[in-house]
Amino acid sequence: MTDKFALVNVRVFDGWRLTDPTLVVVENGLIGQDPAGAERVDVHGAVLLPGLIDAHVHVDDAESLHALARHGVTTGLDMAVWPRETPAALRALTGTADLRSAGLPAIGPGGNHARMLGLPPEAIVTEPDRADQWVADRVAEGSDYIKIVLEAPGEGGPEADVARAVVEAAHARNRQVVAHATSAGAYAMALDAGADHITHCPIGAPADPADVTRMLDQGRTATPTLVMMREIAGFTGRPDGFAGSMATVTRLHAACVPILAGTDAHVQPGLPFQVRHGLSLHEELRLLVEAGLSPAEALRSATVLPAHHFALHDRGVIAPGKRADLVLLDGDPLADIGATAAVLRVWCAGIEHETAPTATSDLA
């Protein structure tokens with residue numbers, strides 16, 4: 001397509017509802033206003049969403065970015081990648097999903113991540129007085145935000161004083177902190193430390209209602225990664241534990257804590273299961289609706305909310321001057337959230353990307 005085109009007879013998701021059929025102009029990678037001279041494309045009433053944002057992925061190569069884009073995910077928030085050269089190279093790609101990354105995460109000496117993922121030794125932070133330099137090194141490497149992997153007290157993750165020091169050092173450098181927390185104890189530690197975002201949710205007992213209230217009072221967000229929690233619960237022989245994850249999301253939603261859609265998509269060798277890039281976000285949205293979000297709220301969790309909370313002010317909505325990250329759907333996701341998987345066309349900053357065949361099963 002040309003650098004300037006106009007989608008005609010398109011119904012636009014405006015953040016809460018669908019507009020009547022209208023016209024959307026794209027010019028030089030941005031949403032424009034003047035249709036004069038644009039190549040006109042009649043989409044016959046199809047639905048247009050802002051490009052979807054997966055708020056928790058792990059991206060190691062260009063193919064992972066392309067997989068995201070094929071399914072309408074035009075931004076991926078990577079939550080740990082190494083070596084340090086990888087995110088820089090992937091950020092330079094155009095015409096595919098856009099990447100933000102935490103780079104190397106902070107972990108403890110004895111948690112699951114220290115045992116399973118083969119992280120380099122510099123990922124381990126055991127003393128509070130090391131935190132400032134550790135964060136400075138991540139910022140120098142280009143980390144967009146800082147990731148810390150918290151475990152329940154006594155389970156080998158960073159100690160509480162280390163977690164607080166990492167958060168303080170990150171905030172001093174204008175970086176937000178994402179805390180990995182898959183247990184009620186780790187949730188509480190993340191809140192005590194002042195982390196901005198908590199990713200994952202407990203398997204088994206739901207998050208403590210008092211901690212849910214603290215999340216709202218402190219202005220924190222939650223990225224439940226329900227697709228991943230379901231896989232972990234099944235693999236560890238605790239399928240009933242996933243009910244606790246769903247209950248946590250129900251509590252978070254009832255308390256009006258901002259919920260962001262993220263999947264923990266990865267292709268990490270050696271792990272017992274993988275969550276597929278792009279396709280899994282559609283299942284995540286379905287699970288969020290099952291947990292109590294309305295379809296409109298689920299769409300917001302993958303568009304305007306992650307854009308707002310991660311300060312990606314150029315995307316997340318379809319409005320003049322914003323990035324032309326766009327997803328055209330065959331169906332109404334406000335009537336059936338599963339329609340997000342029926343992707344007709346995708347544009348990444350105005351550049352059209354190939355799409356994947358529509359799939360309604362095997363979404364994880």
So which pairs with a foot in residues 27-61 pass ring-ring contact (aromatic ring centres under 6.0 Å, His included), sequence neighbours left out? H56-H58, H56-H200

Check whether the side chains of H197 and Q176 place a donor and an acceptor atom closer than 3.5 Å, and report yes or no. yes

Listed partners of [X] passing salt bridge (Lys or Arg N to Asp or Glu O under 4.0 Å), at least two apart:
X    : value
E290 : R286
R84  : E141
R100 : D98
D211 : R214

Is there any side chain to side chain donor-acceptor pair (under 3.5 Å) pair reaching into residues 20-29, and which pairs are they, with sequence neighbours excluded?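 Output for this query is empty, none listed.
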
Evaluate salt bridge (charged side-chain N to carboxylate O under 4.0 Å, His left out) for E352 paired with R345, printing each intermediate quantity in order. CA-CA 7 Å; E352 188 162 12; R345 302 178 76 168; 2.7 Å; yes

To the closest 0.5 Å, what do you measure between [atom1] ([X]) and [atom2] ([Y])?
X    : Y    : atom1 : atom2 : answer
I107 : E122 : CD1   : CD    : 10.0 Å
T263 : M229 : OG1   : CE    : 10.5 Å
L65  : R70  : CG    : CZ    : 10.5 Å

For [X], all residues meeting side-chain hydrogen bond (donor to acceptor under 3.5 Å, both in side chains), sequence neighbours excluded:
X    : value
T182 : none
S294 : E297
D132 : R173

A quick test of your reading: do over 12 heavy atoms of other residues, nucleotides or ligands sit less than 6.0 Å from CG of N174?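 No - once you tally the heavy atoms of other residues, nucleotides and ligands closer than 6.0 Å, there are 12 at most.
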
For D332, side-chain contact (heavy atoms from CB on, under 4.5 Å) partners two or more places apart: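 Residues passing side-chain contact (heavy atoms from CB on, under 4.5 Å) with D332: L18, L334, A335.
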
Who are the side-chain contact (heavy atoms from CB on, under 4.5 Å) partners of A102, not counting sequence neighbours? Y145, K147

Under 3.5 Å donor-acceptor pairs involving side-chain atoms of residues 300-309, not counting sequence neighbours:
residue : atom : partner : partner atom : Å
R300    : NH1  : G15     : O            : 3.1
S301    : OG   : A298    : O            : 2.5
T303    : OG1  : L299    : O            : 2.7

